[in-house]
Amino acid sequence: MAAARAHWGSKFGFVMAAAGSAVGLGNLWKFPYITWENNGGAFVLVYLAAVVVLGMPIMMAEILVGRRAQLSSVPAFEKLGNKGWSTVGWLGVVAGAVILSYYMVIAGWSIKSFIQCMGWSISGYEAPTKDAFGQFLANGPLQIGLTAIFTVATAVIVFRGIGGGIEAATKIMMPILVLIMLYLVATSLTMDGRDQALAMIFNPDFSKLPASGVLMAVGQAFFSLSLGLGAMVAYGSYISKKESIFGSALWVVILDTSFALLACIAMFTIIYSVPGLDERISGSTVGMLFITLPDLFYTQMPGGIILAPLFFILVAFAALSSTISLGEVVTSLMIDKRGWSRHKATIVCASIIFVGSILAGLSLGAVGPLSNFEIFEGKAGVLSTLDHLAANWLLPLGGLGTTIFVGWYLGKKDTLEELGLTRGTIPFHVWLWCLRIVAPVAIIALLVAVIAGWDFS
Ligand code: TRP
């Protein structure tokens, strides 16, 4: 007989764990640089719309599936649906492995920044040369070494089981990260680039946003909220039946979105305020997080020499709590569905993912053919290709499967009961029709538009 499923101690426990999964490199590394590349305003607005119309309803849907089935994604879809529906779960496993293989590489950059900041804090800050970051990216052995550190750290934690340590650590680290972020933003707002930065983020100009940019915004909403691959299904299975799914999801969405916006405000202000910085990021926008913030820490901020290394350690932790949630999705399935031991599952999955990481790590300039090939227009190299494939295609498709499953296949009786309702209220119907019609139509239309090469502008 199966043992009763353990539950989070409280709603706070769930929100912190889910926010730990959601808040990560997606908010700090990816959102600011793709917002920059897509000219701000309109992109941000589409992103926020996607969070409200797709993110929030699908977050609730994933949690609902997990709590209803009391299982993680593939078995949950099998139990509530049938073998066919479990394809949605398996798609998520593939997406998880793809994301991990490049996520580990970026996570490795935070270790490098930490070490670099330690050096600056001890012997004084010296603004890096224009192409310093590009050279770092092109250093293949270093990229692989840093990735290896991160892969091993994640594998060890996943192998031991997530419980205890890491959850406790996230609960302490996340609030500290929030405080430093707020301090960063407050300091940056005293700089003269502020108005230009805020205008760029909050003044939409739709003529600057192509269809592919809309898909990127939607994909980023999935990526940042950890949706589309069943991660929230697993977390949802641990929420107590007494908690409100709406309330829990809302907290995670608000925390995650605030983080992303705050990161943008700080970084863009720095770029507009420090002469020559736009040139330093122009060649490697992907490095924006790592290039811009040290300038603020070391030249503007009281206490910056202490906070800079601390900040990058926390970035590494935010990344770690995300890699663990992804790693857990991938390995736990091999354990449940393939009958592997946790030991075998962790080693096999980590090795396969590491091979992907090596290819991604060498695609930043170290190895020509890996860096230059292009499947998606404008996304050259293995790392960009994997990122684009996962965020813009696999996650929205996974999300589409979930909306149709919860909207059409699961009976209203199940959904109502799980949401703690006795009859369909107006908010319930708004949510349901969002899942039934609005979200699927939006996702399909967008994928078709991009395949057909449409341009809205
Ligand atoms: N949301 C995380 C970030 O923004 C990445 C992540 C963790 C993720 N778990 C996920 C993305 C599950 C999609 C699905 O960095």
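Hydrogens, waters and symmetry mates are skipped; everything else that's a heavy atom, side chains included, is used. Note that the structure is predicted; figures quoted are calculated from it, not measured. When a ligand or atom number is given, it counts from 1 through the structure's own listing order.
In terms of polar-atom proximity, Phe223 is counted as a contact of ligand 1, with an N or O under 3.5 Å from an N or O of the ligand. By the 3.5 Å distance cut-off applied to N or O atoms, Leu25 is counted among the residues near ligand 1. Of the polar atoms of Phe222, none of the N or O atoms is found under 3.5 Å from an N or O of ligand 1, judged by distance alone.
The 12-atom threshold is exceeded at CE of Met334, counting heavy atoms of other residues, nucleotides or ligands nearer than 6.0 Å. Surrounding CD1 of Ile306 are at most 12 heavy atoms belonging to other residues, nucleotides or ligands under 6.0 Å away.
For ligand 1, the atoms lying closer than 4.0 Å to a non-hydrogen atom of Leu229 are 12 (C), 14 (C). Within the listing of ligand 1, atoms 4 (O) sit less than 4.0 angstrom from a heavy atom of Asn27. Each of the atoms 7 (C), 9 (N) of ligand 1 lies under 4.0 Å from some heavy atom of Ser325. Close approach of ligand 1 to Ser224 is summarised as follows: ligand atoms under 4.0 Å from at least one heavy atom of the residue are 1 (N), 4 (O). Annotation for ligand 1: atoms under 4.0 Å from non-hydrogen atoms of Ser21 are 1 (N), 2 (C), 6 (C), 7 (C), 9 (N). Those atoms of ligand 1 that come under 4.0 Å of a heavy atom in Gly26, given as number and element, are 3 (C), 4 (O), 15 (O). Atoms of ligand 1 found under 4.0 Å from any heavy atom of Tyr103, numbered from 1 in the order shown, are 2 (C), 3 (C), 5 (C), 15 (O).
Tyr235 places no side-chain N or O within donor-acceptor distance of the main-chain N or O of Ser325, the cut-off being under 3.5 Å. A donor-acceptor pair is defined here as one N or O able to donate and one able to accept, closer than 3.5 Å; no such pair exists between the side chain of Trp393 and the backbone of His388. With Ser341 contributing its side chain and Lys344 its backbone, the two residues share a donor-acceptor pair below 3.5 Å. Although no hydrogens or angles enter the test, the distance criterion places a donor-acceptor pair under 3.5 Å between the side chain of Lys79 and the main chain of Ala69.
Applying the ring pair (Phe, Tyr, Trp, His ring centres under 6.0 Å) test between Phe77 and each of Tyr409, Trp90, Phe405 identifies Phe405 as the sole match.
Between Met288 and Ile271, the closest side-chain pair of non-hydrogen atoms falls below 4.5 Å.
Aromatic ring pairs are classed by plane angle as parallel below 30°, tilted from 30° to 60° and perpendicular above 60°; the pair Trp109 and Phe290 is perpendicular.
If you look at Ala22 next to ligand 1, the close heavy atoms, those under 4.0 Å, all belong to the backbone.
Using 4.0 Å as the threshold, Trp29 has no heavy atom nearer than that to any atom of ligand 1.
At the top of the distance list for atom 8 (C) of ligand 1, counting protein heavy atoms only, stands Ser226 OG, 3.4 Å.
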